[in-house]
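Structure, as structure tokens:
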Amino acid sequence: MAQDSVDLSCDYQFWMQKLSVWDQASTLETQQDTCLHLAQFQEFLRKMYETLKEMNSNTIFERFPTIDQLLAKACWNPFILAYDESQKILIRCLCCLINKEPQNSRQSKLNSWIQGVLSHILSALRFDKEVALFTQGLGYAPVDYYPGLLKNMVLSLASELRENHLNGFNTQRRMTPERLASLSRVCVPLITLPDVDPLVEALLVCHGHEPQEILQPEFFEAVNEAILLKKISLPMSAVVCLWLRHLPSLEKAMLHLFEKLISSERNCLRRIECFIKDSSLPQAACHPAIFRVVDEMFRCALLETDGAPEIIATIQVFTQCFVEALGKENKQLRFALKTYFPYTSPSLAMVLLQDPQDVPREHWLQTLKHISELLREAVEDQTHGSRGGPLESWFLFIHFGGWAEMVAEQLLRSAAEPPAALLWLLAFYFSPHDGRQQRAQTMVQVKAVLGHLLAMSGSSSLSARDLQTAAGQGTETDPRAPAQQLVRRLLLHFVLWAPGGHTIARDAIALMAHTAEITHEIIGFLDQTLYRWDRLGIESPRSGKLARELLKELRTQV
Amino acid sequence: MESLLQHLDRFSELLVVSRTTHVRTWDPVTVRRALQWARYLRHIYRRFGRHGPIRTTLERRLHSQWRQEGGFGRGPVPGLANFQALGHCDVLLSLRLLENQALGDAARHYLVQQLFPGPGVPDADETLQESLARLARCGSAVHMLRFNGYRKNLNLQEDSLMKTQAELLLERLQEVGKAEVEGPARFLSSLWERLPQNNFLKVIAVALLQPPLSPRPQEESEPSIHKTPGEGSQALVHWLLGNSEVFAAFCRALPAGLLTLVTSRHPALSPVYLGLLTDWGQRLHYDLQKGIWVETEPQDVPWEELHNRFQSLCQAPPPLKDKVLTALETCKAQDGDFEVPGLSIWTDLLLALRSGAFRKRQVLGLSPGLSSV
């Protein structure tokens, strides 16, 4: 408590000084500085109020002798009055100063003075004498017409901006850069006032004709903040303009999304989908410049977390939402695929972008083979000098969870000889870094496991141990090694699908999951599989039920 | 119903008193009662403001109050000035009290506590608090936009300050018209005497150019109760036609382009406008030495301005343009139908207009808002 009071005194001095410098915020510098500090000052006011409301007028003045000056200065700064809830808190602080039973004339005068300041805050600062006289003459008070006046001013400014945007060559009607910058500064405290929305939208969408950015960065930051906290609702076109004009805002929006994902329940794709859709980023990403930035940030996240499965899952959900949004876009305004995936061959991009839902089930295998061929071509092609090599191709592939997650399933479901293309694809998906030799070895391994599993699939009495032997597991190798992951994946698919697999599912999982990490991996797999089945409608009731039960049980374990 | 009406009467009285030094005698109980009444009326308005019988009754009562206070010939109504104000009558009362320095200490303390109780206080009137906070925010917004973004629009009818004043005038006229048939005329005359005239004339012009008033959202469900929009404009035209010295000032003070727009929109005004222009024209005489038309008296309208106005009128769409040309031709004929300059001002005007029109077609950028010839 004592520390708090010391902090408050320090802050008090700081803000007293600031307010004196800002005065009525009539110059560019004072306006900019005020805008930068609006949120902090409001916090300070809140803290002050919490302290003041416990004291009576006399003790307040003993502790803060110049409090009346501080509050008055704040009241004379229109930026502060306009911001968020500052006017409310200021008023409450002033009310604390009122002496309930004034003992002398000085205290009475103080009460009168406070009443005057309160009245000033609420009297809606008058400007044009003529206008004031006119409205008074008609019998109207400011509360009657100020909302209407604000609306007219906002609409008039918005249409002026629009005209400026469209009529760039008519220099008479042009809005000077200074005026535009000034307008954007003035909007900073007003962002969350709904009446001002049309002006904010116009400022974002109408970018005039100057080659460099005129609007103040604090304006973009304030709008972005309001969008992320859902304190303003703007049309999508305005949001896209914001993110295109001010890169830090886009980055901040992505970081905001990441934070939400991290702090929410792990391994729940439905929730991830909700958050992603909520962020408006998929629709915005229909603009290639935004898509590239977003993709780059995903790539960085992936690299930093060493390919964490949660990030991969997020990328897949994002891409799915993105493709959906792209489908809804006006066909004529669509950009070429190359602008989204500049380092990929157009044919590969086109195949991958197909939604499995739109491809007949019988053709899924064929499509996967095609994808495999094209990818292999890109990966093994050294002469073209394609950017990034195998990792780039892998990064592209993992975007499309619909196909990537289907490979293992398809391999297990077909009784025929496993196609080499699919084996390659599976090996590539789990370890993109492998050299040719290594990958060939993995493919052989996988083929063997598949063979065993196929043999076991007809049997009605299985044991978890049998399964382990078939997988060649139990050796003391790194459980996180890709090959181990791959094999686990095959086994899990097996227990979900094979008729006999259901009975041994729990035992098999118990044997597999010797670390918390692996348990999470299995939970992730189950959640993702159920999510995918739901979308594609390929669930069999028994498998679905089993998967759901397993998921529930495992979730309680971690 | 009767108690409601009495409430309304009492409240109007309260509003009047709240501005006077009489509040010195008020104690916290009085303040509480006043605020309660305001809250009650606000609630009534919000619940029944759309409901036919209750609304009509309340309105009629208000109108009779206004008539009792001397109709609309005197200054602004001291009590409740319009029906919509009931929707925020609590704010009105609160602000009047807050502005009144005659309020005693105890009453003041109580008032402030009621208006700004702070978060989490039970029984607090949240609506009032929110309205007050919103008003403060709105006021700062207007202030900031006014000084940092607003620029006076040269087309007065598009200027936001002018538009707002015009909208208010039309609204008021409509309401006054409902209260008393002769209300608008007397009201406008009293405004003419009390208010800065130049601004008033501009507001009238802008009001006459506003698109027909759309009914306020909450009134959309009861169109039968209200007269058709445009009542306000009609009242204005009627008054202008009935007050020749006002109309003369109107035509003198306002720019040519604006007057052309107004006259196009309200054809009833064109004969009088043309009549005025004719009168002005006849006051000029030809100075042989200088070779130009000069004023007889210093306050007469000079040639340039006359020419300007006729030029603007000739750029208006057909009915008006034709009327003007016909009038000019008629005057020219009456003067002797001369073709030679220097003998009849009407001849010279027609000559100037014809050559001016030709020149104007060659130049880009005709004045905004008017259709080209």
Side-chain angles (χ1 to χ4, degrees), chain A residues 26 31 49 53 78-79 81-82 85 87-88 91-92 95 98-102 108 111-112 115-116 118-119 121-125 127-128 130-131 133-150 152-157 160 179 182-183 185-186 189-190 193 195-196, chain B residues 75-77 81-82 84-85 88 91-92 94-96 98-99 101 103 105-106 108-109 112-113 115-116 118-119 129 131-151 153 158-161 163-165 167-169 172 191 194-196 198-200 203 365:
Chain A
S26 37
Q31 285 182 0
Y49 175 63
K53 74 178 184 189
F79 279 72
L81 280 185
E85 302 202 317
Q87 69 290 127
K88 262 198 253 185
I91 288 174
R92 286 182 196 147
C95 291
I98 292 190
N99 211 313
K100 190 158 180 186
E101 272 147 39
S108 265
N111 283 356
S112 284
Q115 184 185 344
L118 288 172
S119 177
I121 295 177
L122 293 165
S123 70
L125 311 134
F127 44 83
D128 287 70
E130 275 181 339
V131 176
L133 277 172
F134 186 78
T135 50
Q136 251 176 356
L138 286 182
Y140 288 110
V143 63
D144 294 314
Y145 66 86
Y146 258 62
L149 176 58
L150 181 59
N152 282 345
M153 286 176 87
V154 165
L155 288 177
S156 161
L157 284 166
E160 227 188 299
R179 195 160 154 234
S182 180
L183 252 183
R185 257 196 316 277
V186 154
L190 296 172
L193 187 61
D195 312 70
V196 177
Chain B
V77 173
N82 67 67
Q84 271 88 23
H88 48 252
V91 175
L92 277 173
S94 309
L95 290 177
R96 286 195 185 194
L98 211 53
E99 280 164 10
Q101 287 288 343
L103 208 57
D105 283 313
R108 177 196 300 126
H109 186 248
V112 165
Q113 257 189 333
L115 296 182
F116 317 111
Q129 274 187 70
S131 306
L132 290 170
R134 187 139 179 272
L135 180 62
R137 218 170 164 205
C138 199
S140 319
V142 168
H143 178 93
M144 290 203 290
L145 285 178
R146 171 71 180 81
F147 290 118
N148 290 287
Y150 168 78
R151 201 182 54 183
N153 195 324
E158 286 164 23
D159 180 78
S160 46
L161 290 184
K163 269 182 86 160
T164 311
Q165 291 175 86
E167 281 164 9
L168 290 173
L169 178 63
R172 197 87 188 95
L191 287 176
R194 289 184 285 122
L195 297 176
N198 218 337
N199 186 53
F200 186 39
V203 174

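A note on names: the letters A, B, ... follow the listed sequences, proteins ahead of strands, and every chain is numbered from 1.
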Side chain, backbone, both or neither: which part of [X] has a heavy atom under 4.5 Å from chain B?
X: Arg92(A); value: side chain
X: Glu101(A); value: neither
X: Tyr49(A); value: side chain
X: Gln115(A); value: both
X: Ser156(A); value: side chain
X: Leu193(A); value: both

side-chain contact (heavy atoms from CB on, under 4.5 Å) for Ile98(A) and Asp105(B)? Distances and angles first, verdict last. CA-CA 9 Å; Ile98(A) 292 190; Asp105(B) 283 313; over 6 Å; no
Identify which one of Leu157(A), Asn152(A), Val154(A), Leu155(A) satisfies the side chain to side chain contact (heavy atoms under 4.5 Å, CB included) criterion when paired with Ser160(B).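 Single side chain to side chain contact (heavy atoms under 4.5 Å, CB included) partner of Ser160(B) among Leu157(A), Asn152(A), Val154(A), Leu155(A): Asn152(A).
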Ser140(B) and its side chain to side chain contact (heavy atoms under 4.5 Å, CB included) partner, picked from Val186(A), Leu190(A), Leu81(A):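 For Ser140(B), the side chain to side chain contact (heavy atoms under 4.5 Å, CB included) check succeeds only for Leu81(A).
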Once you round to the nearest 0.5 Å, how far does [atom1] of [X] lie from [atom2] of [Y]?
X: Arg179(A); Y: Tyr150(B); atom1: CZ; atom2: OH; result: 10.0 Å
X: Tyr146(A); Y: Arg134(B); atom1: OH; atom2: CZ; result: 14.0 Å
X: Gln113(B); Y: Lys100(A); atom1: CD; atom2: NZ; result: 6.0 Å
X: Phe134(A); Y: Leu161(B); atom1: CZ; atom2: CG; result: 12.0 Å
X: Gln165(B); Y: Glu130(A); atom1: CD; atom2: CD; result: 8.0 Å
X: Met153(A); Y: Asp159(B); atom1: CE; atom2: CG; result: 9.0 Å

Heavy-atom distance under 4.5 Å to chain A: side chain of [X], backbone, both or neither?
X: Arg96(B); answer: neither
X: Leu115(B); answer: neither
X: Leu195(B); answer: side chain
X: Leu95(B); answer: side chain

Could you check which of [options] has the highest count of heavy-atom pairs closer than 4.5 Å to chain A?
options: Ser94(B), Ser131(B), Ala141(B); value: Ala141(B)
options: Val91(B), Val112(B), Asn153(B), Asn198(B); value: Val112(B)
options: Arg108(B), Lys163(B), His109(B); value: Arg108(B)

Taking all atoms of both residues into account, what is the closest heavy-atom pair of [X] and [Y], and its distance?
X: Leu149(A); Y: Thr164(B); result: CD1-OG1, 3.3 Å
X: Cys95(A); Y: Phe116(B); result: SG-CD1, 3.6 Å
X: Gln87(A); Y: Ala133(B); result: CG-O, 3.9 Å
X: Met144(B); Y: Pro189(A); result: CE-CG, 3.7 Å
X: Leu132(B); Y: Leu122(A); result: O-CD2, 3.3 Å

Run His88(B) and Asp144(A) through side-chain contact (heavy atoms from CB on, under 4.5 Å) and show every step you take. CA-CA 8 Å; His88(B) 48 252; Asp144(A) 294 314; 2.5 Å; yes
Would you please test Arg172(B) and Tyr140(A) for side-chain contact (heavy atoms from CB on, under 4.5 Å) and show each step? CA-CA 9 Å; Arg172(B) 197 87 188 95; Tyr140(A) 288 110; 3.7 Å; yes
Side-chain ion pair, Asp195(A) and Arg137(B), N-O less than 4.0 Å: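 Salt bridge between Asp195(A) and Arg137(B), a charged N being under 4.0 Å from a carboxylate O: no.
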Taking Leu183(A), Leu150(A), Leu133(A) one by one, which has the highest count of heavy-atom pairs under 4.5 Å against chain B?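 Result: the option with the highest number of such pairs is Leu150(A).
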